[in-house]
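Take a look at the structure set out below.
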Amino acid sequence: MMEHHVYFAIVGFDHDPARLDVLLGQGADDYWREGDTYSDAFPDAQRRENRWILSSQLDERASHRDHFEKLLLKLQRLAPQLKNLPGDYRYGIGVSHYFFMDDPAFYLPDDIIEGFNALGLDVTFDQLGIDNGPGN
């Protein structure tokens with residue numbers, strides 16, 4: 001089984017993330033507020049910045065291509081609003097893809113990457129190889 005997380009995030013602002021809903025004309029799929037805890041299991045671990053998050057909202061078992069295509073469609077509808085984001089905000093595409101195999105491979109078609117690039121967005125990858133071997 002592979003698990004995916006594909007999202008667009010805006011960071012680098014010091015106000016309530018919900019204010020970006022109005023600026024972008026789109027509600028976030030998730031917010032992180034500076035000082036919020038990561039989870040009830042680790043109450044001392046706190047978020048270090050505000051974050052506005054838009055995701056594909058697909059099941060984590062959907063293909064990575066489907067995740068990217070869905071997110072791209074959502075972002076293409078927001079193209080004019082994205083151009084109006086203040087210059088000191090940081091934003092981009094994030095991907096976490098967990099592989100449960102010895103030789104992970106990841107492929108994303110050029111047309112999808114070009115779609116994000118046309119919006120002025122780069123795609124970055126964080127791949128984690130998880131070993132299911134003994135003792136792990």
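Bear in mind the structure is a predicted one, so any value in this text is a computation, not a measurement.
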CG of Leu72 to OG of Ser56: how many Å apart, nearest 0.5 Å?
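One gets 12.0 Å once the value is rounded to the nearest 0.5 Å.
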With rounding to the nearest 0.5 Å, note down the distance linking CH2 in Trp32 to OG1 in Thr37.
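Answer for the CH2-OG1 pair, Trp32 versus Thr37, is 12.0 Å.
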Taken in chain and number order and not counting sequence neighbours, the residues that satisfy side-chain hydrogen bond (donor to acceptor under 3.5 Å, both in side chains) with Tyr38 are none
Can you name the residues that form a side-chain hydrogen bond (donor to acceptor under 3.5 Å, both in side chains) with Gln26, not counting sequence neighbours?
none
Which residue pairs pass the salt bridge (Lys or Arg N to Asp or Glu O under 4.0 Å) test with at least one member in residues 68-80, sequence neighbours excluded?
Asp29-Lys74, Arg65-Glu69
Does any part of the side chain of Pro86, heavy atoms only, come nearer than 4.5 Å to the side chain of Leu23, both counted from C-beta?
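The answer is yes; the side chains approach within 4.5 Å.
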4.5 Å side-chain heavy-atom contact, His64 and Leu108
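In short, these two side chains touch, coming nearer than 4.5 Å.
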Heavy-atom donor-acceptor pair, His15 side chain to Leu20 backbone, under 3.5 Å:
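Flag not set: sc His15 to bb Leu20 has no pair under 3.5 Å.
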Closest heavy-atom contact between Leu71 and Leu54?
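Residues Leu71 and Leu54, closest heavy atoms: CD1-O, 3.6 Å.
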Pick out which of Phe8, Tyr7, Tyr31 makes a side-chain contact (heavy atoms from CB on, under 4.5 Å) with Ile53.
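Answer to the side-chain contact (heavy atoms from CB on, under 4.5 Å) test with Ile53 among Phe8, Tyr7, Tyr31: Tyr7.
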Linking Ile, Leu, Val, Met, Phe, Trp and Tyr by side-chain heavy atoms under 4.5 Å, what else ends up with Phe42?
none
State plainly whether one hydrophobic cluster holds both Leu75 and Ile113, where clusters connect Ile, Leu, Val, Met, Phe, Trp and Tyr through side-chain heavy atoms under 4.5 angstrom apart.
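Cluster IDs for Leu75 and Ile113 match.
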If you group Ile, Leu, Val, Met, Phe, Trp and Tyr by side-chain heavy-atom gaps below 4.5 Å, do Leu121 and Tyr89 land in one group?
yes
Under 3.5 Å, sequence neighbours excluded: what are the donor-acceptor pairs made by side chains of residues 78-85?
{"from": "Gln81", "atom 1": "NE2", "to": "Leu24", "atom 2": "O", "distance (Å)": "3.3"}
{"from": "Asn84", "atom 1": "ND2", "to": "Pro80", "atom 2": "O", "distance (Å)": "3.4"}

With side chain to side chain contact (heavy atoms under 4.5 Å, CB included) as the test, would you mind laying out the steps for Phe13 and Asp88 before giving the verdict?
CA-CA 8 Å; Phe13 55 91; Asp88 57 340; over 6 Å; no
Mutual orientation of the aromatic rings belonging to Phe116 and Phe68 [parallel < 30°, tilted 30-60°, perpendicular > 60°]:
perpendicular
Qualifying side chain to side chain donor-acceptor pair (under 3.5 Å) pairs with a residue from residues 44-53, counting only residues at least two apart or across chains
Asp21-Trp52, Glu49-Arg51, Glu49-Arg90
